[in-house]
Chemist: 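Pasting a structure here, questions to come.
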Amino acid sequence: KWFEMFILLAILGTCISLAVYTPLPNGDTNDRNEFLEEIEVIFTVIFTTECVMRIIALGFIMHPSSYLRNSWNILDFTIVMIGVVSSILASLQIEGFDVKALRAFRVLRPLRLISGVPSLQIVMNAILMAIIPLMNIALLVIFVIIIYAIIGLELFMGAFHKTCFDIYTGEMMDDPTPCGGIYSCPNGTECRG
(Lines give C-alpha, C1' and ligand atoms only; values in the text may rest on other atoms or scores of the structure.)
Protein backbone atom coordinates (compact mmCIF):
# COMPACT_ATOMS: atom_id res chain seq x y z
CA LYS A 1 0.00 0.00 0.00
CA TRP A 2 2.75 2.46 0.95
CA PHE A 3 4.79 1.48 -2.10
CA GLU A 4 1.86 2.21 -4.42
CA MET A 5 1.25 5.56 -2.74
CA PHE A 6 4.95 6.41 -3.19
CA ILE A 7 4.78 5.51 -6.90
CA LEU A 8 1.60 7.59 -7.34
CA LEU A 9 3.34 10.54 -5.66
CA ALA A 10 6.34 10.03 -7.97
CA ILE A 11 4.00 10.08 -10.98
CA LEU A 12 2.41 13.27 -9.64
CA GLY A 13 5.90 14.74 -9.17
CA THR A 14 6.91 13.93 -12.73
CA CYS A 15 3.66 15.50 -13.98
CA ILE A 16 4.48 18.69 -12.08
CA SER A 17 8.06 18.71 -13.39
CA LEU A 18 6.78 18.29 -16.95
CA ALA A 19 4.39 21.21 -16.44
CA VAL A 20 7.11 23.48 -15.00
CA TYR A 21 9.74 22.66 -17.65
CA THR A 22 10.26 25.53 -20.12
CA PRO A 23 11.65 24.51 -23.52
CA LEU A 24 13.99 27.10 -24.96
CA PRO A 25 15.21 27.41 -28.57
CA ASN A 26 18.69 26.51 -29.86
CA GLY A 27 19.57 24.27 -26.93
CA ASP A 28 19.46 27.15 -24.44
CA THR A 29 18.63 26.35 -20.83
CA ASN A 30 18.19 28.01 -17.46
CA ASP A 31 18.77 26.97 -13.84
CA ARG A 32 15.23 25.62 -13.40
CA ASN A 33 15.48 23.40 -16.48
CA GLU A 34 18.87 22.05 -15.39
CA PHE A 35 17.41 21.24 -11.95
CA LEU A 36 14.44 19.51 -13.59
CA GLU A 37 16.81 17.45 -15.77
CA GLU A 38 18.60 16.26 -12.61
CA ILE A 39 15.25 15.37 -11.01
CA GLU A 40 14.32 13.52 -14.20
CA VAL A 41 17.17 11.09 -13.56
CA ILE A 42 15.79 10.45 -10.05
CA PHE A 43 12.31 9.77 -11.45
CA THR A 44 13.79 7.41 -14.05
CA VAL A 45 15.60 5.48 -11.30
CA ILE A 46 12.39 5.29 -9.21
CA PHE A 47 10.29 4.03 -12.12
CA THR A 48 12.96 1.59 -13.28
CA THR A 49 13.26 0.19 -9.75
CA GLU A 50 9.48 -0.20 -9.57
CA CYS A 51 9.45 -1.95 -12.95
CA VAL A 52 12.24 -4.35 -11.94
CA MET A 53 10.54 -5.12 -8.62
CA ARG A 54 7.25 -5.89 -10.36
CA ILE A 55 9.02 -8.11 -12.89
CA ILE A 56 10.74 -10.03 -10.07
CA ALA A 57 7.45 -10.39 -8.18
CA LEU A 58 5.19 -11.29 -11.13
CA GLY A 59 7.58 -12.80 -13.65
CA PHE A 60 8.45 -11.22 -16.98
CA ILE A 61 6.31 -12.85 -19.66
CA MET A 62 6.03 -16.63 -19.34
CA HIS A 63 3.77 -16.97 -16.28
CA PRO A 64 -0.01 -16.58 -16.94
CA SER A 65 -0.22 -13.56 -14.59
CA SER A 66 3.20 -12.13 -15.45
CA TYR A 67 4.09 -8.47 -15.82
CA LEU A 68 3.88 -8.19 -19.60
CA ARG A 69 0.60 -10.13 -19.88
CA ASN A 70 -1.28 -6.98 -18.78
CA SER A 71 -1.65 -4.33 -21.49
CA TRP A 72 -1.31 -1.46 -19.00
CA ASN A 73 1.96 -2.94 -17.75
CA ILE A 74 3.19 -3.10 -21.35
CA LEU A 75 2.53 0.65 -21.55
CA ASP A 76 4.41 1.17 -18.25
CA PHE A 77 7.33 -0.96 -19.41
CA THR A 78 7.56 0.92 -22.72
CA ILE A 79 7.54 4.31 -20.98
CA VAL A 80 10.20 3.18 -18.49
CA MET A 81 12.43 1.74 -21.22
CA ILE A 82 12.17 4.91 -23.30
CA GLY A 83 13.20 6.90 -20.21
CA VAL A 84 16.16 4.60 -19.54
CA VAL A 85 17.32 4.68 -23.18
CA SER A 86 17.02 8.49 -23.37
CA SER A 87 18.98 8.87 -20.10
CA ILE A 88 21.73 6.56 -21.39
CA LEU A 89 21.93 8.33 -24.74
CA ALA A 90 21.97 11.74 -23.02
CA SER A 91 24.90 10.67 -20.84
CA LEU A 92 26.81 9.27 -23.86
CA GLN A 93 26.31 12.57 -25.77
CA ILE A 94 26.49 11.03 -29.22
CA GLU A 95 27.23 13.77 -31.74
CA GLY A 96 24.54 14.27 -34.36
CA PHE A 97 21.88 12.39 -32.36
CA ASP A 98 19.16 14.45 -30.70
CA VAL A 99 17.80 12.88 -27.52
CA LYS A 100 14.98 15.44 -27.29
CA ALA A 101 12.88 13.34 -29.64
CA LEU A 102 12.94 10.49 -27.13
CA ARG A 103 12.37 12.87 -24.25
CA ALA A 104 9.09 13.87 -25.84
CA PHE A 105 7.76 10.48 -24.75
CA ARG A 106 7.93 11.70 -21.14
CA VAL A 107 4.48 13.17 -21.67
CA LEU A 108 3.19 9.59 -21.56
CA ARG A 109 4.23 9.22 -17.92
CA PRO A 110 0.89 10.49 -16.55
CA LEU A 111 -0.65 7.47 -18.28
CA ARG A 112 1.13 5.35 -15.67
CA LEU A 113 -1.58 6.48 -13.26
CA ILE A 114 -3.92 4.18 -15.13
CA SER A 115 -1.99 1.07 -14.14
CA GLY A 116 -1.72 2.29 -10.56
CA VAL A 117 -5.44 2.91 -10.02
CA PRO A 118 -7.69 -0.02 -11.03
CA SER A 119 -10.82 2.14 -11.25
CA LEU A 120 -9.08 4.28 -13.89
CA GLN A 121 -8.42 1.12 -15.90
CA ILE A 122 -12.14 0.39 -15.95
CA VAL A 123 -12.94 3.94 -17.06
CA MET A 124 -10.24 3.91 -19.77
CA ASN A 125 -11.35 0.52 -21.06
CA ALA A 126 -14.94 1.81 -21.26
CA ILE A 127 -13.80 4.93 -23.13
CA LEU A 128 -11.72 2.87 -25.57
CA MET A 129 -14.62 0.51 -26.20
CA ALA A 130 -16.92 3.50 -26.82
CA ILE A 131 -14.49 5.07 -29.30
CA ILE A 132 -14.64 2.12 -31.69
CA PRO A 133 -18.34 2.53 -32.60
CA LEU A 134 -17.91 6.31 -32.77
CA MET A 135 -15.39 6.03 -35.62
CA ASN A 136 -18.19 6.18 -38.21
CA ILE A 137 -19.44 9.43 -36.70
CA ALA A 138 -15.87 10.79 -36.60
CA LEU A 139 -15.44 10.01 -40.31
CA LEU A 140 -18.70 11.82 -41.07
CA VAL A 141 -17.58 14.88 -39.07
CA ILE A 142 -14.20 14.92 -40.86
CA PHE A 143 -16.01 14.69 -44.20
CA VAL A 144 -18.20 17.71 -43.30
CA ILE A 145 -15.16 19.69 -42.09
CA ILE A 146 -13.37 18.99 -45.37
CA ILE A 147 -16.40 20.20 -47.35
CA TYR A 148 -16.52 23.45 -45.37
CA ALA A 149 -12.76 23.88 -45.72
CA ILE A 150 -13.05 23.61 -49.51
CA ILE A 151 -15.93 26.11 -49.50
CA GLY A 152 -13.85 28.50 -47.38
CA LEU A 153 -10.89 28.21 -49.74
CA GLU A 154 -13.10 28.95 -52.72
CA LEU A 155 -14.73 31.94 -51.05
CA PHE A 156 -11.64 33.68 -49.75
CA MET A 157 -9.10 32.58 -52.42
CA GLY A 158 -6.02 33.99 -50.71
CA ALA A 159 -7.70 37.22 -49.56
CA PHE A 160 -5.87 37.00 -46.25
CA HIS A 161 -2.43 36.50 -47.82
CA LYS A 162 -2.05 40.19 -48.74
CA THR A 163 -1.98 43.36 -46.68
CA CYS A 164 -1.66 47.10 -47.27
CA PHE A 165 1.80 48.66 -47.70
CA ASP A 166 2.70 52.35 -47.85
CA ILE A 167 3.40 53.43 -51.45
CA TYR A 168 6.32 55.72 -50.56
CA THR A 169 8.15 53.87 -47.78
CA GLY A 170 7.21 50.33 -48.76
CA GLU A 171 6.54 49.49 -45.10
CA MET A 172 3.51 47.67 -43.79
CA MET A 173 0.80 49.80 -42.20
CA ASP A 174 0.87 50.25 -38.42
CA ASP A 175 -2.46 48.42 -38.14
CA PRO A 176 -2.28 45.83 -40.95
CA THR A 177 -5.57 44.70 -42.46
CA PRO A 178 -6.12 42.07 -45.15
CA CYS A 179 -6.71 43.29 -48.68
CA GLY A 180 -7.67 41.80 -52.01
CA GLY A 181 -11.03 40.55 -53.22
CA ILE A 182 -13.68 42.65 -51.51
CA TYR A 183 -11.14 44.31 -49.19
CA SER A 184 -9.41 47.48 -50.45
CA CYS A 185 -6.54 49.57 -49.09
CA PRO A 186 -6.89 53.21 -47.99
CA ASN A 187 -5.34 56.05 -50.00
CA GLY A 188 -1.56 56.16 -50.06
CA THR A 189 -1.25 52.39 -49.70
CA GLU A 190 -1.22 49.44 -52.06
CA CYS A 191 -2.15 45.81 -51.70
CA ARG A 192 0.84 43.44 -51.75
CA GLY A 193 1.63 39.93 -50.54
Side-chain angles (χ1 to χ4, degrees), residues 1-25 27 29-30 32-94 96-143 145:
K1 186 76 177 170
W2 290 103
F3 180 71
E4 290 180 11
M5 289 300 293
F6 174 71
I7 294 300
L8 290 177
L9 287 174
I11 293 170
L12 182 67
T14 192
C15 292
I16 292 170
S17 71
L18 285 171
V20 173
Y21 186 81
T22 308
L24 298 171
T29 188
N30 56 21
R32 182 178 9 150
N33 286 354
E34 289 177 7
F35 176 71
L36 290 172
E37 289 296 330
E38 292 172 9
I39 287 180
E40 187 62 36
V41 173
I42 295 170
F43 284 132
T44 302
V45 168
I46 290 171
F47 295 138
T48 306
T49 305
E50 180 223 1
C51 182
V52 168
M53 290 172 70
R54 286 183 186 251
I55 288 172
I56 291 171
L58 300 173
F60 188 62
I61 199 167
M62 298 304 282
H63 193 270
S65 62
S66 63
Y67 184 69
L68 288 182
R69 294 284 175 120
N70 185 346
S71 58
W72 297 111
N73 287 342
I74 293 172
L75 177 69
D76 282 354
F77 183 74
T78 305
I79 293 169
V80 168
M81 286 301 111
I82 289 173
V84 169
V85 168
S86 67
S87 295
I88 290 171
L89 291 176
S91 65
L92 292 177
Q93 295 179 346
I94 299 172
F97 184 76
D98 191 13
V99 184
K100 290 183 181 181
L102 285 177
R103 289 183 181 173
F105 285 101
R106 288 189 290 193
V107 298
L108 296 176
R109 280 193 179 161
L111 290 177
R112 298 190 76 233
L113 280 174
I114 295 170
S115 65
V117 182
S119 60
L120 277 178
Q121 290 179 3
I122 295 169
V123 170
M124 282 303 295
N125 285 334
I127 289 172
L128 290 174
M129 294 307 289
I131 286 176
I132 294 168
L134 292 175
M135 290 305 291
N136 293 333
I137 296 171
L139 288 173
L140 181 64
V141 169
I142 289 172
F143 182 68
I145 289 173

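Only this structure's heavy atoms are used, side chains among them; waters, hydrogens and symmetry mates stay out.
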Chemist: Looking only at heavy atoms, what is the nearest atom pair of Cys51 and Tyr67, with distance?
Modeler: SG-OH, 3.7 Å
Chemist: Report the distance from atom CD1 of Ile122 to atom CD1 of Ile127, rounding to the nearest 0.5 Å.
Modeler: 12.0 Å
Chemist: Under 4.5 Å between any side-chain heavy atoms of Leu58 and Leu68, yes or no?
Modeler: no
Chemist: In Å and rounded to the nearest 0.5 Å, what is the CG to CG distance from Asn70 to Asp76?
Modeler: 8.5 Å
Chemist: What are the two closest heavy atoms between Ser17 and Glu40, and how far apart are they?
Modeler: OG-OE1, 4.4 Å
Chemist: When you compare the side chain of Thr78 with that of Phe105, does any pair of heavy atoms fall below 4.5 Å?
Modeler: no
Chemist: Does the side chain of Met124 reach to within under 4.5 Å of the side chain of Leu111, using non-hydrogen atoms?
Modeler: no
Chemist: Heavy-atom distance under 4.5 Å between the side chains of Arg32 and Thr22, does that happen here?
Modeler: yes
Chemist: What are the two closest non-hydrogen atoms of Leu113 and Leu8, and how far apart are they?
Modeler: CD2-CD2, 3.5 Å
Chemist: Please name the pair of heavy atoms, one in His63 and one in Arg69, separated by the smallest distance, quoted to 0.1 Å.
Modeler: O-CG, 3.6 Å
Chemist: Could you tell me whether the side chain of Arg112 and the main chain of Ile7 form a donor-acceptor pair under 3.5 Å?
Modeler: no
Chemist: Identify the two heavy atoms, one from Pro110 and one from Leu18, that lie closest to each other, and give their separation to 0.1 Å.
Modeler: CD-CD1, 4.4 Å
Chemist: To the closest 0.5 Å, what do you measure between CG (Asn125) and CG (Leu120)?
Modeler: 10.5 Å
Chemist: Please round to the nearest 0.5 Å and tell me the distance separating atom CZ of Phe43 and atom CG of Leu36.
Modeler: 9.0 Å
Chemist: Contact between Ile11 and Phe47 at the side-chain level, heavy atoms closer than 4.5 Å - yes or no?
Modeler: yes
Chemist: Checking Ser87 side chain against Gly83 main chain: does a donor-acceptor pair fall under 3.5 Å?
Modeler: yes
Chemist: Other residues, nucleotides and ligands only: do more than 12 of their heavy atoms fall within 6.0 Å of CE on Met53?
Modeler: no
Chemist: Can you confirm whether Phe143 is buried at CZ, in the sense that more than 12 heavy atoms of other residues, nucleotides or ligands lie under 6.0 Å from that atom?
Modeler: no
Chemist: Surrounding OH of Tyr21 (heavy atoms of other residues, nucleotides or ligands, distance under 6.0 Å), is the total greater than 12?
Modeler: yes
Chemist: For the atom pair CE (Met81) and OG1 (Thr48), what is the distance rounded to the nearest 0.5 Å?
Modeler: 5.5 Å
Chemist: CD1/Ile55 to CD/Glu50 distance, rounded to the nearest 0.5 angstrom?
Modeler: 10.0 Å
Chemist: Using a distance-only test with no angle check, is there a side-chain donor-acceptor pair under 3.5 angstrom linking Arg109 and Thr44?
Modeler: yes
